[in-house]
Structures are given as structure tokens and as C-alpha cells.
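Let me begin by presenting the structure, written as C-alpha cells, before commenting on it.
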Amino acid sequence: MEIAKTYSPSATENKWYKYWMEKGYFRSVPDDREPYTIVIPPPNVTGVLHMGHMLNNTIQDVMIRRARLLGKNACWVPGTDHASIATEAKVVHMLREMGIKKSDLSREEFLKYAWQWKEKYGGIILEQLKKLGASCDWERTSFTMDDGYYRDVVNVFIDLYNKGFIYRGKRMVNWDPAAKTALSDEEVLFKETRSKLVYVKYIYEEGNGYLTVATVRPETIMGDVAVAVHPDDDRYKHLHGKNVIVPLVNRAVPVITDEAIDMEFGTGCLKVTPAHDIVDYEIGLRHNLPVIDTLNEDGTISKEGQVFVGLDRFVARKMAIKQLEEEGLIEKSEDYTHQVGHSERTNAVIEPRLSMQWYLKMKDISKPALDAVVNGEVNLIPSKFVNTYKHWMENVRDWCLSRQLWWGHRIPAWYNADGEFEVCATVDEAVVKFKSRNINVTAAELKQEEDVMDTWASSWLWPISVFDGFANPDNADIKYYYPTNDLVTAPEILFFWVARMIIAGYEYKGEKPFTNVYLTGIVRDKQGRKMSKSLGNSPDPLDLIEKYGADGVRMGMLLCSPAGNDLPFDESFCEQGRNFSNKIWNSFRLIQGWKVDYEAEQPETRKKAITWLENRIAEQLAVINDHFSKYRISDALMASYKLVWDDYCAWYLEAIKPEFINGESLPIDAATYNASCAFFEQLLTILHPFMPFITEELWHAVKERKEGDDIIITSWPKTDKYDKDLLAQFELCKSLISEIRNYRQQKNISPKQPLQLYIMEPAKNTVHPGDFNSIIKRLANISVLQYILEPPANCSAFLVDSLECFIPYGDTVDKDAERERLQKELEYAEGFLKSVMNKLGNEKFISNAKPEIIASETKKRIDAESKIDAIKSALSSL
RNA sequence: GGGAUCUUAACUCAGUUGGUUUAGAGUGUCACGUCGACAACGUGGAAGUCGUGGGUUCGAGUCCCACAGAUCCCACCA
């Protein structure tokens, strides 16, 4: 059979994914096995796969596949998030292109379009995950606005309200005038912005003169209700209690004093506009000032403003400056750079705005979640995030739950005509509740709250709701899968999502939602910018898969991304992954091409090589398992990579592969052939979590398989004991072989020309080549290998560890070069000895250092001395 | 402004409670090589004052202090 020289992924990937699905290997139902559960961080329903998802989901799939191989009942729950702001923005955009304004639609009509959109695009990202090889239990796919999920979100809201955690309050919020919604503090990005700081004159009500106020927001002057100065500011003491006239609207307002005023800034006078600034609002509360809201929700000037009514705030700003100039009320204006809040979603400048919102009190409810992370019940990986988490949780602010959107979970509150309300699931319940307060209303008279809940107010229930743990707290799934094991997500949503899930977990299950949180890095481009769709700097993951294969891309991402480290993405990582796929493919081609001789005896060389590799795999498997247990995924991958490439391909296969004579490979003995295949299968298994497709393909190619004998469900190799001495001996052999190869290269001796090698009989208890002489002979092309007692004459000498080796001079030996080389070695050895002697000659070292350290230093001294002797004798024999 | 984390080879990173030399790996780079699994390959080499400056210690990449730079979080002055 002719096998292609290179591995071609795409056909293979489609074939096996389909096969795994047909076999139901991703499906998990509760049974007697130990569960291993991950809930996916649900991507936005309308999103497409970006590099962050790739990294995230590759890690999850690695963990799930390994758990499956370890015999656990692996369950990976997929799903999507309704992402209210992002999705609503997209639907609004789509409608606009269709020539429809959102304001022309009823809520019901709009939601119909939104659901159509969701049905059309909602599945894309999940289909993309399949291309990556994600082994999710697709029968469990959830969506945060599924009927059951919707019900849970609403019921939790009602429950929290009844417990007194939710309150309704007029508060200053971050208002996004473009999206016409409130944003949480976390959704506001502060950007450096250049503005004009204008100095405006406020004329005294009585007498002549004026004071000057510096402001960047002259368009809010109409909302001024006072001018504040610092009580200790001598410049303005004579004005305390006096009135000044607000320009543009000619309103008399008092000059008040407040400690919050910075005397150094501007003129030391602050115009107080409680409706449009947080600090001003607080001053207003302290001084019982009225609130004049001069803006509409879309950022235009309201009727209250009296002038510029209906104009956009930025237009009004220009108009205000112009009019003030005309009236001679501007003293001066200067350039001013400051931080201005922008909407993360729409990039509109945030407007501090007073509005009625629903809040969740965070202090008490978040306490168990803080403790859980601090005392290690929930592990953050890497642990450096514990401090960040702690800091946030200790200073947690109340959570604004309401959003002025339609796409989402509508808040279950019912208002009567007087603005009184009840919180409950249905309008009929609300009628009853009103009646119990002696308020008579009919269902038709009640109006449900227009606002929906913040997206995170649904996704924080994810680990419970996907197992139906609210409505049916005793169902088999929730009892079996909860708490889940690992959560893999980005550090940027540690507070938005992770912290809140922990809070919900303790509040509703009395238990953590997961044990370990693996925080991935952020995928960045070469300029260090976060890769995102909006920047357009992310390569299309599907193109990468097309180019390098899913296995290659998976491996490329994992190689360079330890937990918590950002990943400056470069396609060359994927290239490395593809090259590795190819290497594995070709090692298979080698084995596959062998003719097997069932009669032949197994040569000694091969027996030794097999013994070594058995031990080597056992040793490295322990290393790999250890890396996994510490969530060091990239280290586990690197160790597996080296085990395959270096140990199996470069050393083992080279040591055992049959001679090639007269254009044909000699046959290989059956014992070695079988061992080689068994090793190969074992290595494929170890690689399978990282590279699921190629390993399944080769698993089936290497031999005939019975129905259901698939690598995805085979067993992870058992850990065996290994012989450390034997491994050390082989390491020495490797060094020796490298040294001889190096010698050939330096001396320009062809690898094809056999050499003789003499080795001084090693002292007892030192590492020696053991029984691997035949492998040395073969891989270094040595025709004679002898152990001797006296240094031979006319030889090049070199040391490998403490092993003294000699190769007889060939015809063209440069004695000066030899001398120079040995001289260098001597200098190094003497330098080393000196550093050791410095330690050993130091009385304080002797008296303070641990005995085993002194012993090891002493041994170093002895070794170094004998090494120096050997080099000297080699030099003198030149 | 407050806080956290980080800074090791050209790049991406290891380096466990201070104690194996004169600090490692993968990639890249350089030299040689087409030797019948693989040039998407093989063999070999070069490459780092461990951000800077102090300190503790017999001993510091590792602990402490200061400074510089990077990233993130929190707060925010009109």
C-alpha cells in the first residue's frame, strides 16, 4: 500500500468527527463511574469563533479527552449566551439595513426578529467548535434564554427580591445614549480625550462682579443648581451664602461650600449639576439641592434644559459656547486632556444619568464566594489571580441588574398606575399580591417592567441551570455532575462571570460550582493588541485549520500558552504543530513499510532498545501526569512532544530499524515489530487529548481493530516503575554518540566511515554505558568498541561526563587543534574546580550548609580532579 | 491617585522550600548533510552580566528594599 508522504488532515478530521458522533462517544449520562464535568463558557449566540475561543476550547477538550481516557465519565456541556447588548445591537443593525427603525416596532415584533436572527446565526459558533474537534455532549446544548433557563433566571430574581437582596433605587448610572441603556462600571472604558476647558463667568445676583467656573461640559449649565467652593478657600469666603446667576437660563443659585472641591483645579469653583455628574449628585444630596435633568435618554437636550431643546449634547455644547461668547461670559478656554468614559459596546461617550434601576446588594451574598477562594476550596490557576479576586470581592459594589433593552430576561415586576409594584412571576400573582395590600387592580391595569436583566444575571446560573438544578434540585444530573470539576475561561471575566457563579453556587446549592478555575491568557497580535473581531486583527480560525489541520492548530496554541500567560499569536506556532503531525505520520510510514520475519531471532541491540524505551516512557509518563495534575498543559504537551520526536523517532526507531540493502529493507523480527507497534499505540494515546484526529486515524491504520476499539475511548497508559540507573546509562550513551558525531563533523569525517572507540574501564559506582554498547556502535558507526585500562597512544581523547574515551587518529589529524580543544576543556574544568574549592574552603559554608550539600560538593571536587588528570594525561600523550 | 502581577537567549517559556558546575527547553538562526520514514527532515554549533541598583546570606535567577519598564484591576477633578 502506498502511503502519502505527508499527512493530509481535512478528510480525516471530518471522517472521525462524524464517526465519534455516530458512536455517541461524547454523550454522558450519570452512571457508576466518577464524573468529570466541564461547563463551557457560553460564547455569544451571534458570535463567530475567534482565537480566544480556540485556545479556551482546545484546553477544555484536552482535559475532557484525557478524563475520558482515564476512565471517568466525561461530560462537557456546550451552549450559548443570549448576550443581550451585543445581540440586540446586531439585530438593530440588521433592521436598519432593512429600513426598519427599532422605535417603529413593538416589543413583540422586535423580539420576533431577534429570535429569527438567533435561529439563523445562533448555531454557527457551535459548528465551528466541531471543526476544532470539541467533544461536547451536544445533546446537552443549552441556551441562556431556553424556556427552562428563562424560568430559572426569573425565579432567582424573585427569590433574591423576597430575601431582600434586590432593591430598586434612583442611582447615578453609566448611561449609553447610543444604546439607550445603563451599563455596569465594568462595561465602561476610560479613554484619554482632548476637550476644551472653558472658563465661564457667573454674575453675582447682587452687586457687581462675577466668579469664574471652569467646565468641560458647558451644555449642562442649564442643569446647574449651585456653585460650590472649598470652605477653606479664602478667595471665595465673601461669597458664602450669596447667589450667582446661571448663564443661559438666568437662574439664581447659591454658592455653597463642600470639602470635595479641589482648590487647585481651575478656579476652585465647581458648578453643581446633580443630574449629570456623580460627584455633583453626591454634593446635591449633602446640600439638599434639586435635580434638574436637562438630557433625554438619547443624549439630546430635554425640555427642562429650556434652551437648545432637542439638540444633541455635543451640538448643544458648541451652541452653548457660541452663545456664552456672544454674551461675553467666557473668560478664556484652554485645551484639556482627561479620561472620558466610553461604552464598551457602542463607543458612545457615557453620560452619568439618574435613573431608576434594579440593584443586587453584593456585600453579604458574596461573602462565601470570597472565603471559598481564599481558603482554597475553589482554586484559581494560576494562583496569582487570588489577590486580584480578593481585592475585588472585598470592595464589591452593588450590581446593577437592569438593562434598558428588549432582548433578554424581562424583569418580573408589575406596576399599577400609581407606580407601585409587586415582584412575582405572573400578572395574576401580582393581582393577588396587590389585593393583599388592599389595592384593587385588574390584570389588564398592571404593566410589566420594561427592562430586562443584565446578561450576567443569567449566565451566573449556568453551572446549575444546565443540569436543571433549580426546578428539580434532586434530579439525577445535578446530583451527579454538580459541583463540576474545572472551568476554563479568560481572566477578563473573572468578576463578571466567575465570581458571580461562585456566589450563585453557594447561594443556591450551598456548594461551589467548580473546583478549579483555569484562567487562560489573552490571545494578542504581534503588536500586543488583544485579538478581537472589532479590531479585525484575528486570523480566521477555520482558515488556520484548513491550512495546518485542527491538530496542528490545537498543538500550536497550546505549546506557547501556560495558564495565565498572554499569547502573542503567530502562525509559526501552528506550523510547528503541523510539522509534528507530519513527523508522527512518517514514523508510522516507517513501521508500516516493514516486512515481518516471524522466524527470525530478536537481536540484542533491539532488546536493549526496547528495554530502554519501556523505562523511558514510564519515566516520562509520570512527568506528563504530574504536569496535568498541576494544570501545566503546555509542559505536558512539550514532554509528550519530546517523547515522541526525540525518544521514539530519533533514538528508538533509529536504533532498531532494519538495514537497507540493495534497494530493499531487510525484514524485522516479529518481537521487535510488535513492540514497536505497541509503543506507537501507547504514544498515540498520550497524544490523543492534544491531537485527536491524527491519533485516531493512525490508531486504526497501525492494525485491524474490532468494532468499538477506538482511541478516543481506550485507556490512558498505566504508570509503571522504571529503572533510573538504566536511564542514566542511556543518557550517557546519547551524550557519547553526540560527542562522536561532533568529532566527525569537526574532523570532517564522513558518518559512513567507521571509527574505533576505546573507553577507559569506568570506576565502580560511576555511570557507564552499561549494556548499550551495540547501540553506540550502530548509531555512531563504531566498528570496534573496547574497554581498556591504560590510555592508548595516538588517540584523540575526550570526556563524556567522567567517561574517558579515545579515538585513534585518522590520517589527517591536526595536533594543534586537538591541543587547543583539550586546553579549553581543561580551563573549564579548572574553573569549575576552583568554584567548588572556594565553597569547600569556606569555614562558614562547612558549618552552615546541609550535610548532603557538602557531600555533593565533595563529590564534585573528586570528579573534577579526576577529570583534570584525564585531560592532562591526554594532553601529554599528544 | 490606590492595588496586583510580571521583567531569564532573537521569539515563546521552564527554573519547585535559596545549594549540580560558568543558568535550561522548544522555535528561530548558522554550518554541514539528500544517509531510501520524514528537507514539513537529519547531525552539529553559536547564542543570556536572569530589567537596573542596593541589601540579607557561607551561597541569590530564587528572599528583602528602591528605581525603571510592561500588563491588568480599582477609583477618578469639574
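Here the structure is a predicted model, which means the values were calculated and not measured.
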Watson-Crick/G-U partner (both atom distances under 3.5 Å) of [N]:
{"N": "B/C41", "result": "B/G33"}
{"N": "B/A23", "result": "none"}
{"N": "B/G1", "result": "B/C74"}
{"N": "B/A14", "result": "none"}
{"N": "B/G61", "result": "none"}
{"N": "B/C6", "result": "B/G69"}

When all nucleic acid strands are considered with a 4.0 Å heavy-atom cut-off, which category describes [X]: base, sugar-phosphate, or nothing?
{"X": "A/Arg632", "value": "sugar-phosphate"}
{"X": "A/Lys642", "value": "sugar-phosphate"}
{"X": "A/Trp594", "value": "nothing"}
{"X": "A/Glu659", "value": "nothing"}
{"X": "A/Asn395", "value": "nothing"}
{"X": "A/Arg741", "value": "sugar-phosphate"}
{"X": "A/Lys657", "value": "base"}
{"X": "A/Ser665", "value": "nothing"}
{"X": "A/Tyr641", "value": "sugar-phosphate"}

Expressed as a whole number of Å, how far does the [atom1] atom of [N] sit from that of [M]?
{"N": "B/U20", "M": "B/A70", "atom1": "P", "value": "35 Å"}
{"N": "B/U22", "M": "B/A4", "atom1": "P", "value": "35 Å"}
{"N": "B/U21", "M": "B/C11", "atom1": "C1'", "value": "28 Å"}
{"N": "B/U16", "M": "B/G28", "atom1": "C1'", "value": "29 Å"}
{"N": "B/G15", "M": "B/U7", "atom1": "C1'", "value": "15 Å"}
{"N": "B/C30", "M": "B/A40", "atom1": "P", "value": "15 Å"}
{"N": "B/G18", "M": "B/U57", "atom1": "P", "value": "16 Å"}

Is it the case that the base of B/C38 and the side chain of A/Lys583 share a donor-acceptor contact (distance under 3.5 Å, atom types as modelled)?
yes
Side-chain donor or acceptor of A/Gln746 under 3.5 Å from a matching atom on the base of B/A31?
no
Respond yes when some side-chain nitrogen or oxygen of [X] is under 4.0 Å from OP1 or OP2 of [N], and no when none is.
{"X": "A/Asn848", "N": "B/C58", "result": "yes"}
{"X": "A/Ser738", "N": "B/G44", "result": "yes"}
{"X": "A/Asn586", "N": "B/C41", "result": "no"}
{"X": "A/Lys630", "N": "B/U16", "result": "no"}
{"X": "A/Trp651", "N": "B/G42", "result": "no"}
{"X": "A/Arg744", "N": "B/C32", "result": "no"}

Nearest listed nucleotide, side chain of [X], among [options]:
{"X": "A/Ile261", "options": "B/C58, B/C38, B/A78", "result": "B/A78"}
{"X": "A/Phe495", "options": "B/C73, B/U43, B/G19", "result": "B/C73"}
{"X": "A/Val279", "options": "B/C76, B/A40, B/G19", "result": "B/C76"}
{"X": "A/Lys752", "options": "B/C35, B/C77, B/A37", "result": "B/C35"}
{"X": "A/Trp392", "options": "B/U12, B/C74, B/G36", "result": "B/C74"}
{"X": "A/Lys384", "options": "B/G15, B/U43, B/U5", "result": "B/U5"}
{"X": "A/Asn842", "options": "B/C38, B/C58, B/C41", "result": "B/C58"}
{"X": "A/Ser587", "options": "B/C41, B/A37, B/G19", "result": "B/A37"}
{"X": "A/Met638", "options": "B/A14, B/A25, B/G19", "result": "B/A25"}
{"X": "A/Gln745", "options": "B/C77, B/A37, B/G44", "result": "B/G44"}

Can you find a heavy atom in the side chain of A/Ile868 that is under 4.5 Å from one in the side chain of A/Glu830?
yes
Assert: residue with more 5' nearest nucleotide on RNA chain B, out of A/Lys839 and A/Thr388, is A/Thr388
Where each residue is assigned the nucleotide of RNA chain B containing its nearest heavy atom, which of A/Lys844 and A/Asn579 is assigned the position nearer the 5′ end?
A/Asn579
Please determine if [X] and [Y] form a salt bridge, counting it only when a charged side-chain N lies under 4.0 Å from a carboxylate O.
{"X": "A/Arg861", "Y": "A/Glu857", "value": "no"}
{"X": "A/Glu334", "Y": "A/Lys196", "value": "no"}
{"X": "A/Arg578", "Y": "A/Glu571", "value": "no"}

Output the rounded distance in Å from CG (A/Asn742) to P (B/G42).
18 Å
Aromatic ring pairing A/Tyr7/A/Trp585, orientation class (parallel under 30°, perpendicular over 60°, tilted between):
tilted
Please evaluate residues A/Glu331 and A/Lys201 with respect to the criterion salt bridge (Lys or Arg N to Asp or Glu O under 4.0 Å), reporting the C-alpha separation (whole Å), side-chain torsions for both, the decisive distance (0.1 Å), and the verdict.
CA-CA 7 Å; A/Glu331 197 174 87; A/Lys201 297 174 185 173; 5.6 Å; no
The test is salt bridge (Lys or Arg N to Asp or Glu O under 4.0 Å); show your working for A/Arg286 and A/Asp258 and say whether it passes.
CA-CA 9 Å; A/Arg286 283 197 286 273; A/Asp258 197 284; 3.1 Å; yes
I need the single residue from A/Phe628, A/Tyr641, A/Phe580 that forms a ring-ring contact (aromatic ring centres under 6.0 Å, His included) with A/Phe690. Which is it?
A/Phe628
